[in-house]
Amino acid sequence: MSFVQRVCILGSTGSVGVSTLDVLARHRERFEVIALTAHSRTDELFAQCVQWRPRFAAVPQAAQAQALQRRLREAQCSTEVLVGAQALCELAAHPDVDSVMAAIVGAAGLAPCLAAARAGKRLLLANKEALVVGGALFMQAVREGGALLLPIDSEHSAIFQCLPEDRSTWGQRIDHLLLTASGGPFRTRDPATLASVTPDEACAHPNWVMGRKISVDSATMMNKALEVIEARWLFDLTPEKVRVVIHPQSIVHSMVVCRDNSVLAQLGTPDMRVPIAYGLAFPERVESGAAALDFTALASLTFEAPDFTRYPGLQLAWDTLRGPAGSTAVLNAANEEAVAAFLAGTIRFDQIHNVNARTLDAVLVAADEAATVEGLMQLDDRSRQAARQQIERFAR
């Protein structure tokens with residue numbers, strides 16, 4: 001790229017946001033940070049603003065914004081602090097922004113992702129929920145806005161890297177996709193003991209450094225269920241063409257099985273800076289900071305079928321994709337509430353799936369509810385209320 005790429009990072013204080021800034025720091029001549037946003041970690045956001053001097057920062061609450069603005073002025077930093085959910089959409093679509101790193105966790109990321117898509121941005125999608133909740137609506141916005149959608153989840157980035165740039169040829173090449181999953185921290189643990197799992201145990205991922213919510217999702221394999229849904233939309237495939245295989249070493253990040261039965265795979269150390277660097281520099285490649293893969297040090301690469309008894313939530317991916325439009329949004333909302341309740345000590349680890357499954361049974365999706373953002377947000381709200389009712393029953 002001959003021009004300086006101007007970047008907005010939505011969720012700059014989370015693990016993906018921090019990794020993005022690490023990659024940008026290695027290539028300051030190529031990138032300029034225009035905007036940073038955070039939800040609650042205002043101390044970290046303050047430090048980032050002082051270091052990077054972005055034009056804008058954004059936080060959810062007015063009191064946060066006032067305090068942060070005061071501290072930045074005292075530090076002689078001219079960053080303007082914006083407030084509220086609408087500020088995220090404004091920054092994502094800002095005319096001075098070239099690229100948007102969408103690293104907000106959860107359904108809250110849908111609106112700014114849609115804003116970036118409609119504005120035709122280079123959209124680096126680390127927020128899988130935008131596709132899990134938005135589905136067809138989000139992909140329509142990408143097409144109509146002329147956005148360049150680049151997946152950042154390691155699995156989807158791996159598949160993207162295995163395919164040609166001409167997306168019109170993908171359907172002719174792909175027989176099916178194989179998303180790899182480490183199996184999380186409980187792959188070999190006796191399922192009968194999962195009721196006693198603590199939040200700290202669930203967040204201790206064997207290979208990846210991630211936030212607490214996504215770490216719990218990895219332990220239940222709900223993270224992989226959401227990735228199945230994401231892949232269905234990203235690569236325009238029917239649900240049965242997206243499959244999962246357990247790969248404990250997390251070296252093969254995913255595979256494309258072609259129609260001639262050849263298999264294309266992307267390999268690398270488990271470090272999110274690799275897909276982040278690929279998305280930032282696409283179609284070029286730049287140094288990411290990740291360690292090189294040493295094949296002579298690899299003891300083995302193993303693969304196994306997922307155990308749906310150990311990971312019952314994984315099946316919900318295909319069930320909801322085959323259900324009424326909007327079913328995946330119900331699943332996502334229920335899971336966000338269930339994981340939050342588990343992390344708060346309200347329900348047990350093994351009850352997360354029960355909350356999700358019962359919420360899916362309880363919420364009836366109207367035929368046109370997934371056709372608009374407003375309908376999806378109403379569905380999200382109804383689903384959360386239903387999930388909280390289920391959580392209350394388990395907590396008694």
Side-chain angles (χ1 to χ4, degrees), residues 11-19 22 38-45 47 103-109 126-129 153-155 180-227 244 246-250 269-273 306-314 316 331-357 359 384 387-388 390-396:
S12 64
T13 61
S15 60
V16 172
V18 169
S19 293
D22 181 88
H39 184 260
S40 58
R41 298 174 183 168
T42 52
D43 288 341
E44 290 92 331
L45 182 60
I104 297 173
V105 175
N127 173 272
K128 62 177 64 66
E129 291 84 0
D153 272 352
S154 61
E155 296 82 0
T180 56
S182 70
F186 308 132
R187 182 177 63 87
T188 60
R189 179 163 168 164
D190 182 355
T193 69
L194 293 179
S196 63
V197 164
T198 68
D200 285 343
E201 288 176 318
C203 291
H205 195 281
N207 300 331
W208 295 91
V209 177
M210 304 180 293
R212 287 174 72 78
K213 193 269 181 183
I214 194 172
S215 295
V216 174
D217 283 347
S218 181
T220 62
M221 286 277 278
M222 181 52 63
N223 189 45
K224 204 56 52 179
L226 299 179
E227 288 172 5
V244 172
I246 303 294
H247 171 51
Q249 295 81 20
S250 297
T269 52
D271 190 322
M272 282 302 297
R273 290 177 295 179
D307 180 351
F308 287 91
T309 302
R310 182 183 298 275
Y311 309 112
L314 182 58
L316 296 178
L331 174 61
N332 179 76
N335 185 63
E336 286 188 20
E337 293 296 324
V339 171
F342 165 67
L343 289 172
T346 306
I347 63 172
R348 302 193 312 261
F349 178 82
D350 62 328
Q351 292 173 330
I352 294 174
H353 170 68
N354 294 330
V355 170
N356 294 340
T359 302
R384 291 177 188 277
R388 292 178 194 131
Q390 299 300 330
I391 289 166
E392 288 176 5
R393 290 175 184 147
F394 283 115
R396 288 172 187 159

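Numbers here are sequence positions counted from 1.
Taking both residues in full, the closest heavy atoms of Phe186 and Val197 are given as CZ-CG1, 3.4 Å, listed atom of the first, atom of the second, then distance. The minimum heavy-atom distance linking Cys203 with Ser215 is given by the pair CA-CB, 3.7 Å. In this structure, Ser182 and Ser250 approach most closely via the heavy-atom pair CB-OG, 3.5 Å. Between Asn127 and Gly109, the shortest heavy-atom contact is ND2-CA, 3.8 Å. Contact between Gly17 and Ala103 at its shortest, heavy atoms only, is N-CB, 4.3 Å. The two residues Ala181 and Val244 have their closest heavy-atom pair at CB-CG1, 4.3 Å.
Side chain of Ser218 to backbone of Ile214: no donor-acceptor contact under 3.5 angstrom is found. With hydrogens and angles ignored, the 3.5 Å screen pairs a side-chain donor or acceptor of Lys224 with a backbone N or O of Thr180. Using modelled atom types, no side-chain atom of Arg310 and backbone atom of Gly183 make a donor-acceptor pair closer than 3.5 Å.
Taking Lys128 as the reference, Asp153 meet the salt bridge (Lys or Arg N to Asp or Glu O under 4.0 Å) condition, with sequence neighbours excluded. The side chain to side chain donor-acceptor pair (under 3.5 Å) test applied to Thr193 returns Arg189, not counting sequence neighbours. In this structure Glu201 satisfies the side chain to side chain donor-acceptor pair (under 3.5 Å) test together with Thr198, sequence neighbours excluded.
Between Ile352 atom CD1 and Leu343 atom CG the span is 7.5 Å, to the nearest 0.5 Å. Note that the CG atom of Leu226 and the CG atom of Asn335 stand 6.0 Å from one another [nearest 0.5 Å]. A distance of 14.0 Å separates CD in Gln249 from OG1 in Thr269, rounded to the nearest 0.5 Å. Note that NE2 of His247 is 11.0 Å distant from CD of Glu155, once rounded to the nearest 0.5 Å. Gln351 CD to Thr346 OG1: the interatomic distance, rounded to the nearest 0.5 Å, is 10.5 Å. Note that the CD atom of Glu392 and the CD1 atom of Ile347 stand 12.0 Å from one another [nearest 0.5 Å].
Met272 has its side chain out of reach of Ser15: every pair of non-hydrogen atoms, C-beta onward, lies at least 4.5 Å apart. In this structure, the side chains of Phe349 and Thr220 come closer than 4.5 Å at one or more pairs of heavy atoms. Residues Val339 and Met222 fail the side-chain proximity criterion, which asks for heavy atoms closer than 4.5 Å. With contacts defined as side-chain heavy-atom distances shorter than 4.5 Å, the pair Leu45/Ser12 qualifies.
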- Task: Could you walk me through whether Arg212 and Asp200 pass side-chain contact (heavy atoms from CB on, under 4.5 Å), step by step?
- Result: CA-CA 9 Å; Arg212 287 174 72 78; Asp200 285 343; 3.5 Å; yes
- Message: Under the criterion side-chain contact (heavy atoms from CB on, under 4.5 Å), I'd like the reasoning laid out for Leu316 against His353: C-alpha separation, chi angles, the key distance, then a yes or no.
- Response: CA-CA 9 Å; Leu316 296 178; His353 170 68; 3.8 Å; yes
- Do Phe308 and Met221 pass the side-chain contact (heavy atoms from CB on, under 4.5 Å) test, and can you show the C-alpha distance, the side-chain angles, and the key distance before you say yes or no? CA-CA 10 Å; Phe308 287 91; Met221 286 277 278; over 6 Å; no
